[in-house]
Amino acid sequence: MASVAEIKCINKDPREDPYHSIVNVGGYVTSQWKLTLSDAIGKIERNEWRFYVSRAGEQVWVEVAVSRFGNKYLKTEADGDEPNNLLSLPECP
């Protein structure tokens with residue numbers, strides 16, 4: 001059974017450029033954690049972890065998507081092609 005964690009922050013470089021993907025995702029419970037994009041995608045694909053973001057008090061699940069160019073990225077189930085729920089999160093330290 002997969003472990004569950006809330007993504008509370010991201011790193012994206014450059015931050016405002018919509019054409020570059022998220023580099024890291026992170027969060028904190030008792031301690032801070034941060035994963036590279038490829039690590040997070042791998043953990044989801046191997047069913048080791050499930051990630052979500054909180055929106056309006058609800059859990060919105062994060063999933064792996066594939067761009068039209070064949071690149072894997074993360075987005076929430078509620079997003080269209082652009083991962084807006086993730087992109088709206090604050091920057092990870």
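Annotation: side chain of E6 is in contact with side chain of S54 (closest heavy-atom distance under 4.5 Å). Inter-residue side-chain proximity for S88 and R55 is flagged as met; some heavy-atom pair is nearer than 4.5 Å. Counting heavy atoms from C-beta outward, I44 and W49 have side chains that stay 4.5 Å or more apart. The closest side-chain heavy-atom distance from L86 to V62 is below 4.5 Å. Contact check for T76 versus E63: no side-chain heavy atoms found under the 4.5 Å cut-off. T36 is not listed as a side-chain neighbour of I41, based on a closest heavy-atom distance of 4.5 Å or more.
In the hydrophobic clustering, V4 connects to Y52, W61, either directly or through intervening members, whenever side-chain heavy atoms lie under 4.5 Å apart.
V23 and L35 end up in different hydrophobic clusters when Ile, Leu, Val, Met, Phe, Trp and Tyr side chains are linked at under 4.5 Å. V64 is connected to I7 through a chain of hydrophobic side-chain contacts under 4.5 Å among Ile, Leu, Val, Met, Phe, Trp and Tyr, so both are in one cluster.
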* Go through the steps to decide whether E45 and K72 satisfy the test salt bridge (Lys or Arg N to Asp or Glu O under 4.0 Å), and finish with yes or no. => CA-CA 11 Å; E45 290 180 331; K72 292 181 181 181; 2.7 Å; yes
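Partners of E48 under the salt bridge (Lys or Arg N to Asp or Glu O under 4.0 Å) rule, at least two apart in sequence or in another chain, are K43, R46.
Closest heavy-atom contact between W33 and A5: CZ2-CB, 4.0 Å. The nearest pair of heavy atoms linking C9 to G27 is SG-N, 4.2 Å. For the pair C92 and G26, the tightest heavy-atom approach, listed with the atom from each and the gap, is SG-N, 3.7 Å.
Interatomic distance, CG of D39 versus NZ of K34, reported as 12.5 Å (0.5 Å rounding). Taken to the nearest 0.5 Å, the CG atom of N11 stands 11.0 Å off from the CG atom of L89. Between Q32 atom CD and K8 atom NZ the span is 11.0 Å, to the nearest 0.5 Å. Going from atom CZ of F51 over to atom OG of S3 covers 9.0 Å, rounded to the nearest 0.5 Å. To the nearest 0.5 angstrom, I22 atom CD1 is 10.5 Å from Y73 atom OH. The distance from atom CG of N24 to atom CD1 of I10, rounded to the nearest 0.5 Å, is 9.5 Å.
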